[in-house]
Amino acid sequence: MRLAALAAGLLFAASAHAASLDGLPVEITNTSEPVLCAEKDNVTLNLTNPEVRAFRIEAAHPAYIGSLAVDRFAPDWTACPMKEEALAQPMPQRITLYETVEWQVVGYREQGFWRASDTTVTVGERTERNIHLIQIWYRFQDRAEEVLVLYPMDGYWRARPLPPSNLRWTAYGSSFLIGPVVVEGRPIVKISRVAFDPAMKTFTLTYPDGNAATVRLSTLNQELIGLDVAFARPVTGAPFAALRSMYVTEFNADVARIAVRERDAPGWREEAIMPFRRANATDLWAGRLVASRHNTSAPDMVFNAFRAAPPPLPPAVIQK
């Protein structure tokens, strides 16, 4: 059974950067702005299509991950005017919301979170308020690995695969948003309620307009983490998802390149992230081809399998 699950996981991993070959095209627009501070998200890719009700997000190790002997993940506050404010934040309150031998869900309450919200968080049978961060931990090779986080107050997610054999730990990098994206100082998604079903590894997000989404952790291995997203109804009048990241230079970036597969195109279109403007594509990859001095091991991001109706979901494949 374990070998079969591992083989299935490797099959999913092999398709991490492959074209989905079908699915709806979505409008991808770039509203990124240049910055000097490496700790400020200045990269924004918006995804829009009023027909989309389902899609997939993957965070996959970069192509150079096997060559890394030394990782860099410390913050770089060079040219950052908000350094003192960021470093002065008090330690948040830590709350264990759910725990088994293999899985743990942890919540944090911060005193100085940048945005007020009355989002309700439910994990299993437990309901809490004022949870600013949710972490999903998975026990792998006798160590707890943090693989997924959500900030319920502004809708930001981060994901990372299990560490590869040559590294014991890898960094987070780009963030993403799921749901109606609005700009209030920066792009956010407003969520009125978050519910996490530990047995199904599925989040249910309820938005203020009554729409809802499920986000299912369906694939987790040493190559990628995959999330299957489905909306109760399409998101209209706004992007249904967005990628948020940072770029200062090619050697100081969490994302430096973009590749899109435009519908019916014979191949991928590849560009540097900052000059890229827009595309109508069925597949999006954003990441790095050379190692950066910032979050060197952080994953590439893939968005694809955009559909007008949620497909039947296969069983989740989690590497043991």
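Residues Leu45 and Val182 fall within the same hydrophobic cluster, defined by Ile, Leu, Val, Met, Phe, Trp and Tyr side chains chained together at heavy-atom separations under 4.5 Å. In the hydrophobic clustering of ILVMFWY residues, with side-chain heavy atoms under 4.5 Å counting as a link, Ile188 and Tyr151 come out together. One hydrophobic cluster, built from ILVMFWY side chains closer than 4.5 Å, holds both Leu24 and Ile178. Cluster membership check: Val149 does not share its hydrophobic cluster with Met246, using side-chain heavy-atom separations under 4.5 Å among Ile, Leu, Val, Met, Phe, Trp and Tyr. The same ILVMFWY cluster, assembled from side-chain heavy atoms under 4.5 Å apart, contains both Val255 and Ile225.
Ion pairing of Arg293 with Asp76 is absent here, as no side-chain N (NZ or NE/NH1/NH2) approaches a carboxylate O to less than 4.0 Å.
Between the side chain of Asn166 and the main chain of Leu68, a donor-acceptor pair closer than 3.5 Å is present. Side chain of Glu146 to main chain of Gln135: no donor-acceptor pair is present (N/O by atom type, distance under 3.5 Å, no hydrogens or angles). Arg158 contributes a side-chain N or O that, together with a main-chain N or O of Gly173, makes up a donor-acceptor pair within less than 3.5 Å. Within the 3.5 Å criterion, the main-chain N or O of Tyr108 finds no donor-acceptor partner in the side chain of Gln93. Between the side chain of Asp254 and the main chain of Ser245, no donor-acceptor pair closer than 3.5 Å is present. Under a 3.5 Å cut-off, the side chain of Arg277 and the backbone N or O of Asn30 do form a donor-acceptor pair. For Arg288 (side chain) and Ala298 (main-chain N/O), a donor-acceptor pair under 3.5 Å exists by modelled atom type. A distance-only check finds a donor-acceptor pair linking the side chain of Arg53 to the backbone of Phe231 [under 3.5 Å].
Crowding of Glu33 atom CD: a count of heavy atoms from other residues, nucleotides or ligands under 6.0 Å not exceeding 12. Environment of OH in Tyr64: crowded, with over 12 heavy atoms of neighbouring residues, nucleotides or ligands closer than 6.0 Å.
For the atom pair Leu205 CG and Ser192 OG, the distance stands at 9.5 Å (nearest 0.5 Å). A distance of 10.0 Å separates CD1 in Ile273 from CG in Asn42, rounded to the nearest 0.5 Å. Leu227 CG to Glu58 CD: the interatomic distance, rounded to the nearest 0.5 Å, is 9.0 Å. Rounded to the nearest 0.5 angstrom, Met153 CE and Glu110 CD are separated by 9.5 Å. Leu150 CG to His132 NE2: the interatomic distance, rounded to the nearest 0.5 Å, is 12.5 Å. Here the straight-line distance linking atom CG of Asp228 with atom CZ of Arg56 works out to 5.0 Å at 0.5 Å rounding.
Within the 4.5 Å cutoff, the side chain of Arg233 has heavy atoms near those of the Asp209 side chain. For the pair Thr170/Pro299, no side-chain contact is recorded, criterion being any heavy-atom separation below 4.5 Å from C-beta on. Pro187 places a side-chain heavy atom less than 4.5 Å from the side chain of Tyr156. In this structure, Val181 and Val235 have side chains that are not in contact, with every pair of non-hydrogen atoms separated by 4.5 Å or more. Under the 4.5 Å side-chain criterion, counting only non-hydrogen atoms from C-beta, Phe306 is not in contact with Asn49. Looking at heavy atoms from C-beta onward, Phe140 lies out of side-chain contact with Val147 at the 4.5 angstrom threshold. Proximity of Ile136 to Val105: side-chain heavy atoms (C-beta onward) are separated by under 4.5 Å at one or more points. Side-chain contact between Asn295 and Arg72 is absent, with no heavy atoms from C-beta onward closer than 4.5 Å.
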Evaluate the criterion side chain to side chain contact (heavy atoms under 4.5 Å, CB included) for residue pair Phe240 and Val26; output intermediate values, then yes/no. CA-CA 10 Å; Phe240 64 83; Val26 303; 3.8 Å; yes
Determine, stepwise, if the pair Val302 / Asp300 fulfils side chain to side chain contact (heavy atoms under 4.5 Å, CB included). CA-CA 7 Å; Val302 177; Asp300 301 339; 5.5 Å; no
If you apply the rule side chain to side chain contact (heavy atoms under 4.5 Å, CB included), what do you find for Arg216 with Thr214, and how did you get there? CA-CA 6 Å; Arg216 179 173 178 257; Thr214 57; 6.0 Å; no
Go through it in stages, so that I can follow the logic: the residues are Arg261 and Trp285, the test is side chain to side chain contact (heavy atoms under 4.5 Å, CB included), and I'd like the CA-CA distance, side-chain angles, deciding distance and then a yes or no. CA-CA 9 Å; Arg261 180 181 179 270; Trp285 170 92; over 6 Å; no
Decide yes or no on salt bridge (Lys or Arg N to Asp or Glu O under 4.0 Å) for Glu262 and Arg269, but give the supporting numbers first. CA-CA 8 Å; Glu262 293 161 304; Arg269 170 181 151 202; 2.8 Å; yes
Step by step, would you call Thr282 with Arg263 a side-chain hydrogen bond (donor to acceptor under 3.5 Å, both in side chains)? CA-CA 6 Å; Thr282 59; Arg263 190 169 192 177; over 6 Å; no
Salt bridge (Lys or Arg N to Asp or Glu O under 4.0 Å), that's the test. Do Glu102 and Lys320 meet it? Break it down for me. CA-CA 10 Å; Glu102 285 191 321; Lys320 300 293 185 182; 2.9 Å; yes
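Of the candidates Thr119, Thr122, Thr206, Arg193 forms a side chain to side chain donor-acceptor pair (under 3.5 Å) with just one, namely Thr122. Under the side chain to side chain contact (heavy atoms under 4.5 Å, CB included) test applied with Pro198, the options Thr100, Val123, Leu97 reduce to a single match, Val123.
Of all heavy-atom pairs spanning Ala242 and Leu47, the tightest one is CA-CD1, 4.5 Å. Pairing each heavy atom of Gly155 with each of Ile191, the nearest pair is CA-CD1, 3.9 Å. Nearest heavy atoms, Ala253 versus Tyr247: CB-CD1, 3.5 Å. Of all non-hydrogen atoms in Ala213 and Tyr207, the two that sit nearest each other are CB-OH, 3.5 Å. In terms of heavy atoms, Pro81 sits closest to Ala79 at CD-O, 3.5 Å. The shortest non-hydrogen separation linking Val260 to Ala279 is CG2-CB, 3.9 Å.
Applying the side chain to side chain donor-acceptor pair (under 3.5 Å) criterion to Asp71, with sequence neighbours excluded, gives Ser297. Applying the ring pair (Phe, Tyr, Trp, His ring centres under 6.0 Å) rule to Tyr138 yields the partners Trp103; only residues at least two apart in sequence or on another chain are considered.
Among residue pairs with one or both ends in residues 182-203, those qualifying as ring pair (Phe, Tyr, Trp, His ring centres under 6.0 Å) are Trp157-Phe203, Phe196-Phe203; sequence neighbours excluded.
For His294 and Glu39, the side-chain atoms include at least one donor-acceptor pair closer than 3.5 Å.
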